[in-house]
Amino acid sequence: MAEKPKKKLTKAQRAKKKKQRIILFIVEAIALVVLVVALIFVSKYSKMEHTDIDESELVINEEMKPAETVDEEQIATNEGLGSHMSNYWNIALFGVDSRKGALGKGTLSDTIIIASINKDTKDVRLASVYRDTYLNIGNDSYSKANSAYAKGGPVQGINMLNMNFDLNITDYVTVGWAGVADTIDALGGVEIDVDSAEIEHLNNYQVETSKSLGKSYTKVTNTGLQTLNGIQAVSYCRIRYTAGDDFKRTERQREVIQAIVDKAKSASPATLNNAANTIFEEVSTSFSLPQVVELISDVKSYNIAETTGVPFEEFRSTGTVKGQDCVIPVTLTDSVLELHKFLFNGAEGYTPSSSVQQYSSKIASDTGKY
């Protein structure tokens with residue numbers, strides 16, 4: 001039986017078929033790119049020190065868990081008032097005093113920052129908790145805030161923040177000196193305005209920082225706005241021998257974080273990829289792979305709106321407590337109330353929980369500061 005002759009396609013049909021092949025090719029190409037990018041992130045993620053936080057180990061005050069609705073009776077009894085935090089993603093950032101790359105229990109968290117991200121606007125607010133602040137360190141004993149991480153790693157560090165400040169943190173990021181320095185170098189340095197009171201101390205700190213990290217250093221010879229490399233920027237963060245002492249040091253730390261974010265937002269994909277290679281290998285975090293991908297892919301959308309330090313200046317003192325020089329909240333409840341206003345757009349209806357009031361009274365009793 002003779003084969004039927006193939007029906008010739010019209011010009012319009014041929015054009016349509018060609019268009020369909022092109023579309024199919026583009027879709028396949030995009031799928032391949034997505035697959036490759038996903039594999040790259042998975043390979044990098046495997047290098048990261050990831051810790052799955054067991055939320056049953058975290059302390060989140062029952063009074064601060066958001067209710068679906070908040071009525072007048074709940075407001076009167078301070079129940080369900082965590083609702084004012086429901087539109088925010090709160091993260092604990094720890095910078096540990098680690099010369100050898102250790103990022104867990106046993107290292108002091110000399111940088112403690114609460115990062116609060118508005119999920120709608122992508123605005124980020126940063127609040128440093130001064131490392132020498134006398135607080136409940138997450139296990140109903142009282143000491144300097146930075147000892148919480150040393151005693152119990154990220155879980156106790158998070159609990160210290162949640163308990164003292166009425167927060168609902170479940171995620172953290174920890175980085176050491178090397179991670180900060182290498183990330184800054186991968187981004188091509190950061191822009192920092194160095195003043196005359198800082199330059200000598202910056203260079204002095206470079207000696208120890210470079211030795212600890214096994215890198216050479218370049219002396220900073222001029223004041224003013226300039227590009228600092230990784231060793232220089234880490235050394236800048238460590239300065240505390242100028243007016244303002246440790247309070248000013250935390251301000252420098254937030255300044256460097258802002259400079260890193262600014263540089264990342266203007267960086268090319270290749271530069272961000274290079275930085276990601278560094279970050280993934282020198283960070284400990286609770287973030288899942290999808291969360292990491294979301295943060296990195298959306299980095300240009302985030303904006304650091306404002307930063308501060310806690311306890312607030314008008315609600316703090318200094319003194320010796322149990323033989324240690326400490327920053328003393330006077331009172332803790334006052335600073336916590338102001339912190340919630342700062343982080344959560346006014347925090348209407350919020351008053352510090354009964355637990356925070358209890359911790360505040362204990363701190364006042366131990367320190368004699370009311």
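One N or O on the side chain of Arg254 and one on the backbone of Thr308 form a donor-acceptor pair closer than 3.5 Å. A donor-acceptor pair is defined here as one N or O able to donate and one able to accept, closer than 3.5 Å; no such pair exists between the side chain of Asp171 and the backbone of Ile91. Within the 3.5 Å criterion, the main-chain N or O of Ala197 finds a donor-acceptor partner in the side chain of Asp195. Side-chain N or O atoms of His340 include one that pairs as donor or acceptor with a backbone N or O of Asp166 at under 3.5 Å. The backbone N or O of Val356 sits less than 3.5 Å from a side-chain atom of Ser353, completing a donor-acceptor pair. Thr271 places no side-chain N or O within 3.5 Å of a backbone atom of Ala267 that could act as its donor or acceptor partner. In this structure a side-chain-to-backbone donor-acceptor pair under 3.5 Å is missing from Glu306 to Leu126. Without hydrogens or angle criteria, Glu338 side chain to Ser335 main chain gives no donor-acceptor distance under 3.5 Å. At distances below 3.5 Å, at least one donor-acceptor pair connects side-chain atoms of Thr367 with backbone N or O atoms of Lys369. No donor-acceptor pair closer than 3.5 Å links the side chain of Ser141 to the backbone N or O of Ile137.
Atom OG in Ser286 sits 12.5 Å away from atom CG in Asp54 (nearest 0.5 Å). Atom-to-atom distance recorded for Asn222:CG and Ser196:OG is 12.5 Å, nearest 0.5 angstrom. Between Tyr130 atom OH and Phe247 atom CZ the span is 6.0 Å, to the nearest 0.5 Å. Interatomic distance, CG of Asn203 versus OH of Tyr217, reported as 7.5 Å (0.5 Å rounding). We find the CG-CH2 distance between Asn87 and Trp89 to be 13.5 Å, quoted to the nearest 0.5 Å. Put simply, CD1 on Ile60 and CD1 on Ile158 are 9.0 Å apart, with the number rounded to the nearest 0.5 Å.
Salt-bridge formation is not detected for the pair Asp262/Lys265: no Lys NZ or Arg NE/NH1/NH2 atom is positioned less than 4.0 Å from an Asp or Glu carboxylate oxygen. By the 4.0 Å N-to-carboxylate-O rule, Asp366 lies close enough to Lys362 to be salt-bridged with it. Salt-bridge check for Lys211 with Glu208: failed, with every basic side-chain N at 4.0 Å or more from each acidic carboxylate O. Salt-bridge formation is detected for the pair Arg131/Asp110: a Lys NZ or Arg NE/NH1/NH2 atom is positioned less than 4.0 Å from an Asp or Glu carboxylate oxygen. A salt bridge does not link Arg252 to Glu255: none of the charged nitrogens lies less than 4.0 Å from a carboxylate oxygen. In summary, Lys144 and Asp132 engage in a salt bridge, as defined by a charged side-chain N under 4.0 Å from a carboxylate O.
Residues Ser147 and Tyr149 have side chains not in contact (no heavy-atom distance under 4.5 Å, counting atoms from C-beta outward). Residues Met85 and Asn90 form a side-chain contact, since some pair of their non-hydrogen atoms from C-beta on lies under 4.5 Å apart. Between Phe315 and Thr331 there is no side-chain heavy-atom pair separated by less than 4.5 Å. Using a 4.5 Å heavy-atom threshold, the side chains of Val321 and Ile363 count as separate. Proximity of Tyr359 to Phe165: side-chain heavy atoms (C-beta onward) are nowhere separated by under 4.5 Å. In this structure the side chain of Cys237 never reaches within 4.5 angstrom of the side chain of Arg249, judged on heavy atoms. Residues Glu191 and Gln226 fail the side-chain proximity criterion, which asks for heavy atoms closer than 4.5 Å. Leu339 places a side-chain heavy atom less than 4.5 Å from the side chain of Ile114.
Heavy atoms only, all atoms of each residue included: Val327 and Pro329 are closest at O-CD, 3.8 Å. Residue Leu161 comes nearest to Val129 through the heavy atom pair CD2-CG2, 3.9 Å, listed as atom of the first residue, atom of the second, then distance. Residues Val256 and Ile184 come closest through the heavy atom pair CG1-CD1, 4.1 Å. Closest non-hydrogen pair, Ile239 versus His201, comes out as CG2-CB, 4.0 Å. Taking every heavy atom of both residues into account, Ser284 and Leu103 meet most closely at N-CD1, 3.7 Å. Closest non-hydrogen pair, Val155 versus Ile53, comes out as CG2-CD1, 3.8 Å.
Between Tyr172 and Phe94, the angle of the ring planes lies from 30° to 60°, which puts this pair in the tilted group.
Residue-environment remark: NZ (Lys215) exceeds the threshold of 12 foreign heavy atoms within 6.0 Å. More than 12 heavy atoms of other shown residues, nucleotides or ligands fall within 6.0 angstrom of atom CG in Asp334. The neighbour count for Lys322 NZ, taken as heavy atoms of other residues, nucleotides or ligands under 6.0 Å away, is above 12. More than 12 heavy atoms of other residues, nucleotides or ligands lie within 6.0 Å of NZ in Lys119, so this atom counts as buried by the packing criterion. Counting heavy-atom neighbours within 6.0 Å of Glu314 CD, excluding the residue itself, gives a total above 12.
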**OP:** Show your working on side chain to side chain contact (heavy atoms under 4.5 Å, CB included) between Ser235 and Ile231 and close with a plain yes or no.
**Re:** CA-CA 6 Å; Ser235 300; Ile231 294 293; 4.3 Å; yes
**OP:** Could you give me the CA-CA distance, side-chain angles and deciding distance for Glu198 and Lys248, then say whether side chain to side chain contact (heavy atoms under 4.5 Å, CB included) is met?
**Re:** CA-CA 11 Å; Glu198 296 168 331; Lys248 181 65 177 177; 4.3 Å; yes
Subject >> Trace of the side chain to side chain contact (heavy atoms under 4.5 Å, CB included) decision for Tyr370 with Val330 >> reply: CA-CA 6 Å; Tyr370 295 86; Val330 186; 5.7 Å; no
Original post:
Run the side-chain hydrogen bond (donor to acceptor under 3.5 Å, both in side chains) check on Thr209 and Arg238 step by step: do they pass?
Top reply: CA-CA 9 Å; Thr209 305; Arg238 298 182 63 199; 3.0 Å; yes
**OP:** Might you work through the side chain to side chain contact (heavy atoms under 4.5 Å, CB included) test for Val124 and Asn303, ending with a clear yes or no?
**Re:** CA-CA 6 Å; Val124 182; Asn303 172 58; over 6 Å; no
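Side chains of Gln357 and Thr333: a donor-acceptor N/O pair is absent below 3.5 angstrom, by distance only.
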